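Have a look at the structure below, then the notes.
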Amino acid sequence: MFLRFKREVLKMLNVDERYVKESDHADLACTIAFKLAKEQKRSPQEIAEEIVAELEPREYVGSIEVVNGYINFFVSEEFLEDTINLILDQDYDYGSPKIKGEVLIEHTSANPDGPLHIGHIRNSIIGDTLTRIMRKAGLKVRTQYYVNDMGRQIAITALGYKRFGIDRSKKPDHAIVEAYIKMNKEIEENPELEKEVEDLMIRYESGDEEAIRLFREVVELALEGIKETLRKLNVQHDEFVWESEFVRNGYVDRILKMLDEKGLLKKDGAWIIDLSDLGYEKEVVVRRENGTTLYVTRDLAYHLWKNENFERFINVLGADHKLVGRQLQDILRLLGLKPPEIVFFEFVSLPEGSMSTRKGKFISADELIEKVYEEAKKIVEGRKELNEEEKEHIARAVAIGALRFDFVKIAPEKPMVFDWRKALDFERQTASYIQYSHARCCSILRKAVESGMPDLDFKGDLCTPLERKLVVLLSKFSYMVLRVVNELKPNIFADYLLKVANAFNDFYRDHPVLKADSELRMHRLAIVDATRIVLRNGLELLGIEPLERM
RNA sequence: GGGCCCGUGGCUCAGCAUGGAUAGAGCGACGGCCUUCUAAGCCGUAGGUCGCGGGUUCAAAUCCCGCCGGGUCCGCCA
């Protein structure tokens with residue numbers, strides 16, 4: 001709805017979109033008078049007044065003010081009414097800007113050599129939230145986890161697995177990482193083992209059956225554990241695509257041939273792409289002297305496949321992949337292929353420094369989830385009216401919500417330092433705050449039904465300033481969805497939902513609903529129900545369960 | 001050394017793309033609010049040279065240049 005208001009304002013003014021923005025002083029404010037003032041050498045106020053005098057009225061534009069050269073637009077009562085009615089009418093479907101298209105999102109893609117740690121889940125949460133929001137926008141989204149099964153670290157893991165076995169009583173990813181860590185140590189002490197790692201990698205790439213069996217077993221075990229963790233986080237992938245597939249299905253050969261035909265390869269024993277014209281210092285090797293390929297080669301092959309199957313594809317990658325990510329994009333461009341859009345996120349580090357799977361220096365997602373759950377459980381225990389099963393369910397939902405929100409609310413480009421104390425603190429405006437606001441809405445509506453007065457009837461002219469502010473916020477849902485789709489910053493939506501919850505709590509404070517006279521009660525019940533729908537739909541986009549009581 | 005990212009009250013962050021009206025939240029601190037729809041809530045007070053220095057502009061947290069501090073990348077690793 002807000003999008004329609006904005007469109008009307010833009011049509012009225014007939015100015016470039018960048019002169020019209022959201023503001024604390026109005027629903028939309030226009031700054032065009034400042035620009036014109038310079039050209040015309042007159043005061044902005046004078047110009048703004050002139051502009052306003054000529055404007056034709058519009059349905060959704062209620063009033064227009066000129067203040068210090070700003071032209072301030074406010075929505076009409078009709079707009080407020082249509083907003084509430086649309087929300088109540090569309091219910092689960094409310095909030096979609098209804099755009100079209102198909103997109104592939106690749107995210108998480110952690111090496112299958114151990115459990116996901118708190119850095120990986122930043123990737124998962126950004127990727128999954130983007131997926132949910134893009135689907136809401138109307139796009140057809142497919143998600144993939146790219147399984148790096150050909151890496152050196154997998155060879156090391158496989159070797160460790162063969163040599164030491166694993167503890168079958170443990171969650172498989174946690175068991176696998178022990179073999180990886182142990183083997184790394186072994187190699188450090190006996191560098192001659194490097195040769196074995198290398199042999200194993202060559203055998204795997206060339207299709208040696210025993211090697212394939214071993215790798216597959218190890219990778220499947222790690223993935224089994226990883227999938228379980230992702231499930232707990234409400235993160236879902238449509239497919240797990242194995243890197244080695246592209247060697248076996250011919251895509252690697254095809255991409256090499258394409259590179260060759262474009263004259264991009266320098267064959268000097270190894271096959272090399274020279275990107276110095278584009279400002280890269282180092283050359284990119286795509287085929288070793290011994291004939292094996294490299295990570296980037298398989299990644300190029302993967303992106304050839306993406307080009308053939310999707311019109312738009314997005315990768316969520318850690319900032320450490322910036323250089324290789326950009327090289328990949330540039331090489332694809334040189335081939336006349338479409339490069340992926342990449343969402344880079346900065347590292348999650350521990351107070352004592354960065355994490356390392358190889359050294360066993362990390363906090364696993366599983367450990368984090370359990371600790372946050374235990375903490376949530378303590379708070380829920382205080383609710384006497386709930387039974388044991390409900391308490392567990394609520395604690396689980398609150399824990400996952402808190403966790404997902406903590407990661408998604410931070411802009412991807414911000415480096416994060418993990419802090420246990422903050423991760424375990426629910427007494428602040430985060431997911432539980434939004435869930436709580438939603439539960440409050442549900443509670444009011446439940447009581448309205450119980451007391452036999454469930455009717456809803458919103459009236460624009462009854463709106464107090466706080467109600468008006470809340471409803472305008474509710475109208476911005478699809479506008480925010482669209483912003484995330486365009487800017488690929490899911491934190492925008494987290495912030496939006498927090499604002500809605502905040503505005504609702506302001507409303508809740510001094511607008512009694514059930515005790516109000518019938519006309520006012522029906523009006524406010526409509527607002528509560530619409531808020532409930534927005535909070536519920538919004539929480540779902542963040543992968544957080546909207547609780548009806550807590 | 002070079003590239004990229006970050007630097008906003010004691011702490012964590014929003015705002016920066018497309019410059020504009022008193023720089024917003026939360027945590028922490030202090031003081032209040034549960035015979036009224038869930039106190040996981042609400043209200044109030046204190047706390048800011050938007051890292052530093054220049055520049056552009058009628059106007060800079062936002063754009064440009066230089067510096068400082070932190071992170072990260074720069075393998076025939078992935």
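The sequence lines fix the lettering, A, B, ..., with proteins before strands; numbering per chain opens at 1. Quick caveat: nothing in here was measured; it's all calculated off a predicted structure.
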(request) Report yes if a side-chain nitrogen or oxygen of A:K282 is closer than 4.0 Å to either non-bridging phosphate oxygen (OP1 or OP2) of B:C73; otherwise report no. (result) no
(request) Report which part of the nucleic acid A:A37 touches: base, sugar-phosphate, or nothing (heavy-atom distance under 4.0 Å, all strands). (result) nothing
(message) Quick check on B:A78: is either OP1 or OP2 less than 4.0 Å from any side-chain nitrogen or oxygen of A:R288?
(response) yes
(message) Whether A:R509 contacts B:A39 is assessed here as follows: a side-chain N or O lying under 4.0 Å from the phosphate OP1 or OP2. Is that the case?
(response) no
(message) Quick check on B:C34: syn or anti? Syn means the glycosidic torsion is within 90 degrees of zero.
(response) syn
(message) Between A:E346 and A:R122, does any side-chain N to carboxylate O distance fall below 4.0 Å?
(response) no
(request) For RNA chain B, produce a single dot-bracket line, 5' to 3'. Pairs: Watson-Crick or G-U wobble, both distances under 3.5 Å. Symbols: ( ) within strand, [ ] crossing, | other strand, . unpaired. (result) (((((((..((((......[...)))).(((((.......))))).....(((((..]....))))))))))))....
(request) Select from A:A319 and A:R152 the residue whose nearest nucleotide in RNA chain B is closer to the 5' end of that strand. (result) A:A319
(message) Does A:I394 reach a base, just sugar-phosphate, or nothing at all? Heavy atoms under 4.0 Å.
(response) base
(message) Quick check on B:C73: is either OP1 or OP2 less than 4.0 Å from any side-chain nitrogen or oxygen of A:K322?
(response) no
(message) Need to verify one output field. Residue with the more 5' nearest nucleotide on RNA chain B, A:E243 or A:A411?
(response) A:A411
(message) Closer than 4.0 angstrom, basic N to acidic O: yes or no for A:K266 and A:E283?
(response) yes
(message) I want to check one thing: is the phosphate of B:G71, taken as OP1 and OP2, less than 4.0 Å away from some side-chain N or O of A:S349?
(response) no
